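When a ligand or atom number is given, it counts from 1 through the structure's own listing order. Model, not experiment: these values are computed from the prediction.
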Amino acid sequence: MRAAMYHGAGRIELTELPRPVPGPGELLVRVHACGLCGSDLMQWYQDPRAPLVLGHEPVGVVVEAGEDAPVAVGSRVFVHHHVPCGDCTYCRRGRETLCATFRATRIDPGGLAEFIRVPAENAPLDVLMLPDGVSDLAGTLIEPLACVVRGQARAGIGPGDPVVVIGAGSMGLLEILAARALGASVIVIEPRPERRSLARRAGADVPEDPTTTAARSRLGPEGARAVFVTTAAPAAITAGVDLAGPGGLVQLFAPPPPGQPVPIDLGAAWFREVRIESTYSAGPLDTRRALQLLHDGAVDPELVISHRIPLAEVDHAFRLARSAAAMKVVVDLSQ
Ligand SMILES: [Zn+2]
Ligand SMILES: [Zn+2]
């Protein structure tokens, strides 16, 4: 089978790999489409693990099922790459993305391959059947949307809450759409005009002036209940802390490179009791909520997905994803 192999230093090449063979309880899925994620582009994160097949946002059809596997051949599915044990300290605290099993379970070899083997742990817990109303393309948004849904559930935002989203790339748009579905009012800071207009279409209030001053003038005296920071730029994180109101939350979606300090005026944040937290990945409940949002039409995939590139041009897909021209890039493996 064909697969896209990441060799490090941004280099990705098509290669031939043996088709995986599903064991007892496992599935073999013929991949139709797989989204590219910001984390697939972070060289400091991926290079130490190279060579590897990237891609953790796959949708496809079950073509083989091992003995006692819980999903039938022919099912059109989204496959989550990680699943928790449900039983460790972290799982019992509701922090299942920190679970050791979560980090150890993964699809084989990765979503950018024509076929993937779904381990026996993943098959019963987080392989979701796609209803007719949810296309393959829409299904590739389940994983990134699940990360957003998880963060927003933890943030506890609801109807009328003022929230700020910093950065209107694909994650920023998903933040806006999910927060609007919860009834929150969303202000966006985004330097690129074309992204500002997409953010407006997603239902946000987007000042032309992409500064904290402009955002603050839109917020009431209570400031933001939550600020979702979708970029790792230090200035964006600093702005997030500035905009969080008393008792507010700053939630970080993109990791700054390790060893890169971020200047934060903690003295000012201290008196407002501002919380700063990261949120990593998503669990089985979050993927189900994300699928529901897509099924309900609360998230329009056409707004978020800008490019659909065939596997044969995967290198081009990565170059596009790194450029400002693209929002979400999906690799099409259906031919
Ligand atoms: Zn992702
Ligand atoms: Zn666990």
Novice: Tell me whether Glu208 is salt-bridged to Arg200, with the criterion being a basic N under 4.0 Å from an acidic carboxylate O.
Specialist: yes

Novice: Within 45° of the axis and under 6.0 Å from the centre of the six-membered ring of Phe115, does NZ or CZ of Arg19 qualify?
Specialist: yes

Novice: Protein N/O/S atoms under 2.8 Å of the Zn ion (ligand 1)?
Specialist: Cys37 SG, His56 NE2, Glu57 OE2, Glu143 OE1

Novice: Salt bridge or not between Arg76 and Asp136? Use side-chain N to carboxylate O under 4.0 Å.
Specialist: yes

Novice: Does a side-chain N-to-carboxylate-O contact under 4.0 Å join Arg196 and Glu190?
Specialist: no

Novice: Is any side-chain N of the basic residue among Glu96 and Arg150 closer than 4.0 Å to the acidic one's carboxylate O?
Specialist: yes

Novice: Measure up the His82 and Phe102 rings against each other and bin them: parallel (under 30°), tilted (30 to 60°), perpendicular (over 60°).
Specialist: tilted

Novice: Could you tell me whether a side-chain N or O of Gln46 sits under 3.5 Å from a main-chain N or O of Gly8, the two making a donor and an acceptor?
Specialist: no

Novice: Is a salt bridge present between Arg117 and Glu64, judged by a nitrogen-to-oxygen distance below 4.0 Å?
Specialist: no

Novice: Taking the Zn ion (ligand 2) as the center, what protein N, O or S atoms are found at less than 2.8 Å?
Specialist: Cys85 SG, Cys88 SG, Cys91 SG, Cys99 SG

Novice: Are the charged groups of Glu277 and Arg154 less than 4.0 angstrom apart, N to O?
Specialist: yes

